[in-house]
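In what follows, a single structure is set out as structure tokens and then discussed.
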2 protein chains.
Amino acid sequence: MSLSSDLLRGYTDTIILRRLAEGESYGYRINREITALSGGAFELKEATLYTAFRRLENAGWICSRWGDEESGARRRYYRMTPEGEEKLKKDCGTWRETRELLNRLLMEE
Amino acid sequence: MSLSSDLLRGYTDTIILRRLAEGESYGYRINREITALSGGAFELKEATLYTAFRRLENAGWICSRWGDEESGARRRYYRMTPEGEEKLKKDCGTWRETRELLNRLLMEE
DNA sequence: TGAGATACCTTGACAGGCGAGGTATCTCGT
DNA sequence: ACGAGATACCTCGCCTGTCAAGGTATCTCA
């Protein structure tokens, strides 16, 4: 079973922010965490992930720095900004509302 | 408070099918029911609604007939097909899965 | 040496939502 | 009689997020 990202459209940013709430991280790791947390049912495509990073950084919700690993592939590390924390909090509230709404609209009355 | 339709993207079809599960209906009425059920928090835009009807009919999940009202504006009535009923059932299952997934990905661990 | 993992990136196509515009009928107050 | 507002339908074209497909570079291990 694998869930379509189209049904999660608009939540990508929030999912990423939620990961960054645990602390600084980087793309590849975040992606594996999401896959693991979903039990393999869902995975963010790379293009979607990196597009989202650009969007989030442009919006001022995250900021990035290049890692200084002396070996291995280079990593770009991301951190949430205070604005990002606000955004995450707000988005979680919106999710709860959306969830209740869809329950009402889709489930038996 | 008003919820963005972007967060509901992909659920429009299911919301409409769910309305038609109650029996034959028409666009304007369905739209008002959705608004009412959401307590005014959400409303399907007309362009979205009629686009969805086309999509659903092309997919064979609903079928339509023009009403024979002898007064008032003309109405186009829609009914679910057996395929539509299957689709609705499946979509409701997908919603439950998506809901659990987002709970896991967005809420505190 | 080469496969596979790690790690990043961009481009262009596609699909759904919707703003803006349109049509036509009926009711009700002035 | 006339205009506003409700009822009821429709289409065109823009915008935005997803993602397939392509790319780069490093490291490990057989």
Side-chain angles (χ1 to χ4, degrees), chain A residues 2-17 19 24-36 38 42-59 61-62 64-78 91 98 101-102 105, chain B residues 2-17 19 24-36 38 42-59 61-62 64-78 91 98 102:
Chain A
S2 134
L3 290 170
S4 154
S5 267
D6 245 26
L7 296 176
L8 294 149
R9 193 189 164 106
Y11 293 101
T12 302
D13 293 2
T14 316
I15 292 169
I16 292 170
L17 286 178
R19 283 295 91 216
E24 197 180 52
S25 190
Y26 58 94
Y28 196 81
R29 183 155 90 109
I30 288 176
N31 222 16
R32 270 181 303 145
E33 285 175 355
I34 290 169
T35 304
S38 75
F42 169 68
E43 92 175 286
L44 264 187
K45 303 311 171 299
E46 285 196 4
T48 307
L49 180 75
Y50 291 110
T51 304
F53 279 139
R54 299 294 152 269
R55 188 168 51 237
L56 288 165
E57 192 156 23
N58 286 336
W61 292 321
I62 63 177
S64 65
R65 64 168 184 90
W66 282 103
D68 53 359
E69 292 81 17
E70 67 283 346
S71 93
R74 66 190 180 151
R75 294 175 182 162
R76 197 206 279 243
Y77 287 89
Y78 295 95
D91 282 356
T98 304
L101 177 60
L102 275 175
L105 290 177
Chain B
S2 135
L3 291 172
S4 154
S5 270
D6 242 28
L7 297 176
L8 294 150
R9 193 191 165 105
Y11 295 101
T12 303
D13 293 2
T14 316
I15 292 169
I16 292 170
L17 286 178
R19 284 294 92 217
E24 196 180 51
S25 190
Y26 58 94
Y28 196 82
R29 184 154 92 110
I30 287 175
N31 222 15
R32 271 181 303 144
E33 284 174 353
I34 291 169
T35 304
S38 75
F42 169 71
E43 90 175 288
L44 265 188
K45 304 310 171 301
E46 285 196 3
T48 307
L49 180 75
Y50 291 110
T51 303
F53 279 140
R54 297 296 152 268
R55 189 168 49 238
L56 288 164
E57 193 156 23
N58 286 335
W61 294 320
I62 62 175
S64 66
R65 63 165 184 91
W66 281 104
D68 53 358
E69 292 81 16
E70 67 285 343
S71 94
R74 63 189 182 151
R75 293 174 181 164
R76 197 207 280 243
Y77 287 89
Y78 294 94
D91 283 355
T98 304
L102 276 174

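Letters go in sequence order (proteins before strands), and every chain restarts at 1.
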Listed nucleotide nearest any side-chain atom of [X], set [options]:
X	options	value
B/Thr12	D/dG17, C/dC8, C/dG17	C/dG17
B/Trp66	C/dA20, D/dC10, C/dG16	D/dC10
A/Arg74	D/dA20, C/dC8, C/dG17	C/dC8
B/Arg55	C/dC18, D/dA8, C/dG16	C/dG16
B/Tyr50	D/dA8, C/dC18, D/dC19	D/dA8
A/Thr51	D/dC19, C/dA24, D/dG17	D/dC19

Would you please name every residue forming a salt bridge (Lys or Arg N to Asp or Glu O under 4.0 Å) with A/Arg74, sequence neighbours left out?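 In terms of salt bridge (Lys or Arg N to Asp or Glu O under 4.0 Å), with neighbours along the sequence ignored, A/Arg74 is linked to no residue.
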N/O (side chain, [X]) to phosphate O (OP1/OP2, [N]) under 4.0 Å:
X	N	result
A/Arg75	D/dC27	no
B/Tyr26	D/dA8	yes
B/Thr48	C/dC18	yes
A/Arg76	C/dC9	yes
B/Arg32	D/dA8	yes

With distance as the sole criterion, do the side chain of B/Arg9 and the base of C/dG17 form a donor-acceptor contact below 3.5 Å?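 Answer no: no donor N or O sits under 3.5 Å from an acceptor.
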Can you check whether any acceptor in the base of D/dC19 is under 3.5 Å from a donor in the side chain of A/Glu46, or vice versa?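 No pair found.
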Just the rounded figure in Å: distance from [atom2] of [N] to [atom1] of [X].
X	N	atom1	atom2	value
A/Leu49	D/dT18	CG	P	11 Å
A/Glu69	C/dT6	CD	P	15 Å
A/Ile16	D/dG17	CD1	P	12 Å
B/Arg29	D/dC9	CZ	C1'	16 Å
A/Asp13	D/dT16	CG	P	13 Å
A/Lys45	D/dC19	NZ	P	5 Å
B/Leu56	C/dA15	CG	C1'	14 Å
A/Ile15	D/dG17	CD1	C1'	13 Å

Could you go step by step and tell me if A/Tyr78 and A/Tyr26 meet the ring pair (Phe, Tyr, Trp, His ring centres under 6.0 Å) rule? CA-CA 6 Å; A/Tyr78 295 95; A/Tyr26 58 94; 9.4 Å; no
Would A/Arg65 and A/Tyr77 count as a cation-pi pair here, with the cationic atom under 6.0 angstrom from the ring centre and within 45° of the axis?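 The answer is yes; both the distance and angle limits are met.
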Those residues that, when tested against A/Arg55, pass side-chain hydrogen bond (donor to acceptor under 3.5 Å, both in side chains) (two or more places apart):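 Here the qualifying residues are A/Asp13.
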Option from B/Ile16, B/Thr35, B/Ile30 for which side-chain contact (heavy atoms from CB on, under 4.5 Å) with B/Leu44 holds: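 When side-chain contact (heavy atoms from CB on, under 4.5 Å) is applied between B/Leu44 and each of B/Ile16, B/Thr35, B/Ile30, only B/Ile16 qualifies.
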Which comes earlier along DNA chain D counting from the 5' end, the contact point of B/Tyr78 or that of A/Ala73, where each point is its nearest nucleotide?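 This one resolves to B/Tyr78.
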Go through the side-chain N and O atoms of A/Glu43 and A/Ser38 and say whether any donor and acceptor fall under 3.5 Å apart.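 No, no side-chain donor-acceptor contact under 3.5 Å.
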